[in-house]
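These notes are about the structure you will find just below.
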Amino acid sequence: MVGKVLGEKAELRSRIKELSGVINVVVAEVNSLSLAEQKAIVETNWPETQKKHETEEKKLSPLPNADKYTKIVTRFSPNPDCVLHLGSARAILLSHEYARMYNGKFILRFEDTDPKIKRPALKFYDSIRQDLKWLGCTVDEEYIQSDRLPIYYEYTEKLVGDGNAYVCECPSEEFRKKTIAMQACPCRDLPAGEHLERWHRMLTGGYTEGQAVVRVKTDLQNPNPAVRDWPALRVIDTQKYPHPRVGSKYIVWPLYNLAAGLDDHLMGMTHIIRGKEHYTNMVRQKYMYDYLGWTYPEAIHYGRLKITGADLSKSKIVAGIKAGTYAGFDDPRLGTFAALRKRGIQPESIKKMIIDVGTKSNDVTLSWENLFSYNRKILDAASARYFFVSQPLELKVLMVPKVFNAKLPLHPEKPEQGFREYIITPESEDKSVSFWVSKKDVETMEPEKIFRLMELFNVKIENKTGCLVTAKFASESYEDVRKIKVQLIQWLPKGTEFPAQVVMPDALVTEGFAEADCKKLKPDAIIQFERFGFVRVNEVGEKLVAYYAHK
RNA sequence: GCUCCGGUAGUAUAGUCCGGUCAAGUAUACUGGCCUUUCGAGUCGGCGACCCGGGUCCGAAUCCCGGCCGGAGCACCA
């Protein structure tokens, strides 16, 4: 309380002792009143304080030093060695979103400079482009690093010529021993001319894999051994490991820090948004920037994003597919964008979630619930409703007094979306009608219990035997059962069913019957099977195949 | 081991730079009412957090020190 008063009236600061005495008296007085009395006083004297809170959409915090640049430039730079997944969502969406927020430029740069260990594959260049498009991230410029080797060579020539980089012939273990001891390796202090010669020898095939590596000089005393004289280019036997795009054209390939470091400046990057695993790479690259007289862009390093239950590691995804554990890159158990898309997750939901998470550098473990709730809000507003009866069992209703005409809206709040209609005609002498209902509902049925077939009529259960339940028509009006809160269940007239399979998030399949109207649906349609969940239609043929999104 | 980050309700985030209007905001989850011919959506309410210990100060989520816990990097990968 003292703080509050001082915050408003700073001039009282010198009279704190006096002030706190007064405040104590007032507080005691207020506390002696009941809550209702306190409220009444506030309302009569200061009605304007009773303002309503409104929730505004969460926005991204401003980019550091944004005003220093005339045009903000960001990039997303994947290695095309796998499909994209939720783990990349932060880099993609934040980079793109910031570019748009500042009316800047968003660049896609393929970092495919490792033909051997993290080998790119042609198909992924395109799948990445498609994923970005799906996410709503439009690319202003695209670069592929494997097209840019001459540029990297040019700058390497300069760095080596200036004595800021050197060609090291030491075996890596030898080199490591030296750096840990903060000592120069035998190559480091050789004259620049000698290194230029070695560099040319590298380019012309004078070294085989592992025999030589270009290193950028840093401070051997740098407290972090990982920073000391980092490797910049190495020799790859591209006869043995041809690059998928440029084959065996080059044998000297840049490493991450050289290629990305040069490109970030050359492409005019103002802000780099990437995972915190790259933090030391910034430290390393700054040495090179100093040699070249460049200033390093603003860098934001966010933490890893995990989602409970899903594996977001590229290697595990690839291994799982190879082993047949997963059906493919779009297996519903995976956190790939392909899988999310197949399940009917809207890109807008992912975007909201990522913006909500922001750019903090600690790791986050998201739960699917969060994503689903965003997605549900989008889907709920638009999706058509249908009945789906999972694991169908027969319900025979006797003594149906007349022909019923059921008209079911496709969307409860939007009648303009249309209806589906059923004409229910009692058959034979017992005036019976047979329906399909789901096993789950049948399990709760017992004699005498009343259920309502949604939008149709109420029935009283008579008998339950094996796979047949018999019931008796009870009444028609909903009002009759509304107050006693009977369970509304979904139903399908026997004979109208359309076989359906729903692939669940665990990849298991739920079999059942959908409404015949579902035959008209097109792949990609997202519908709600009432009381079952939202699903995305994958194919419509002899039967309906859909993927389960969420409740 | 060495070098960096970071720790706010179950989860995630705002606030931390620049101490006071923070008895800590928001979303989601959970929960109660209302509404609703879906166990969905909507709506109104509720529950629930500043890692720990010291210090500075009239006043600390915020500043300082120590501890604990979590994460990242330490490749001729990106």
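Letters A, B, ... mirror the listed sequences (proteins, then strands); counts begin at 1.
Note on Thr365(A): only backbone sugar-phosphate atoms sit closer than 4.0 angstrom, heavy atoms only; bases stay farther off. Counting any heavy atom pair closer than 4.0 Å across all strands shown, Arg376(A) reaches sugar-phosphate atoms only and no base atom.
For the side chain to side chain contact (heavy atoms under 4.5 Å, CB included) criterion with Val364(A), the lone passing option out of Arg90(A), Arg304(A), Lys306(A) is Arg90(A). Only one option out of Phe435(A), Phe451(A), Trp436(A), Phe513(A) pairs with Trp491(A) in a ring-ring contact (aromatic ring centres under 6.0 Å, His included); it is Phe435(A).
G15(B) sits 22 Å from U56(B) when the C1' atoms are compared, rounded to a whole Å. Going from the C1' atom of C52(B) to that of C30(B) covers 29 Å, rounded to whole Å. Distance check on atom C1': A60(B) versus C50(B) gives 11 Å, rounded to whole Å. Between G7(B) and G53(B), the distance separating the two C1' atoms is 16 Å to the nearest Å. Remark: the separation of the C1' atoms in A14(B) and U28(B) is 15 Å, to the nearest Å. Here, G67(B) and C77(B) have their P atoms 38 Å apart, quoted to the whole Å. Annotation: A75(B) and G59(B) have their P atoms spaced 50 Å apart (nearest Å). Nucleotides U21(B) and C63(B) have their P atoms positioned 16 Å apart, rounded to a whole Å.
Applying the 4.0 Å criterion to OP1 and OP2 of A14(B), one finds that Lys360(A) has a side-chain N or O inside that range.
The side chain of Arg482(A) has U36(B) as its nearest neighbour among A29(B), A12(B), U36(B).
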Open item on the list: For a quick check, with a 4.0 angstrom heavy-atom cut-off, what is the B/S/- contact string for nucleotides 70-78 of chain B, read 5' to 3'?
Closed with: -SSBSSBBB
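The cationic group of Arg376(A) does not satisfy the cation-pi geometry with Trp368(A), failing either the under 6.0 Å distance to the six-membered ring centre or the 45° limit from the ring axis. Remark: Arg234(A) is not positioned above the aromatic ring of Tyr207(A), lacking an NZ or CZ atom under 6.0 angstrom from the ring centre and at most 45 degrees off the axis.
With 3.5 Å as the limit, one finds a donor-acceptor pair spanning the side chains of Tyr166(A) and Asp229(A). At a cut-off of 3.5 Å, with distance as the only test, no side-chain donor of Thr218(A) or Arg228(A) sits close to an acceptor on the other residue. Checking Tyr422(A) against Glu455(A) by side-chain atom types alone, no donor-acceptor pair falls below 3.5 Å.
The line from NE2 of His278(A) to CE of Met282(A) is 12.0 Å long, rounded to the nearest 0.5 Å.
Salt bridge annotation for Lys68(A)-Glu298(A): present, with a cationic side-chain nitrogen under 4.0 angstrom from a carboxylate oxygen.
Across the protein-nucleic acid pair, Asn222(A) atom CG and C4(B) atom C1' stand 11 Å apart, rounded to whole Å. In this structure, the NZ atom of Lys377(A) is 10 Å from the C1' atom of A41(B), given to the nearest Å. The nearest whole Å value for the distance from the CG atom in Asn65(A) to the C1' atom in C17(B) is 13 Å. Straight-line distance from the OH atom of Tyr302(A) to the P atom of G7(B): 18 Å, rounded to whole Å. Distance Glu515(A) CD to U38(B) C1': 13 Å, rounded to the nearest Å. Summarising the geometry, the separation between CZ on Phe451(A) and C1' on U37(B) is reported as 16 Å, rounded to the nearest angstrom. Atom CG in Asn370(A) sits about 10 Å away from atom C1' in U13(B), given to the nearest Å. Going from atom CD of Gln487(A) over to atom C1' of U38(B) covers 9 Å, rounded to whole Å.
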Task: Secondary structure string for RNA chain B (Watson-Crick or G-U under 3.5 angstrom, | for other-strand pairs) - done: (((((((..((((......[....)))).(((((.......)))))....(((((..]....))))))))))))....
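Residue Arg176(A) places its CZ atom among 12 or fewer non-hydrogen atoms of other residues, nucleotides or ligands, all under 6.0 Å distant.
Not a single donor-acceptor contact under 3.5 angstrom links the side-chain atoms of Gln490(A) to the base of U38(B).
Taking for each of Arg452(A) and Leu366(A) the nucleotide of RNA chain B with the nearest heavy atom, the 5'-most of the two is the partner of Leu366(A).
Taking the six-membered ring where tryptophan is involved, the planes of Tyr153(A) and Tyr250(A) are perpendicular, since the angle between them exceeds 60° and thus also 30°.
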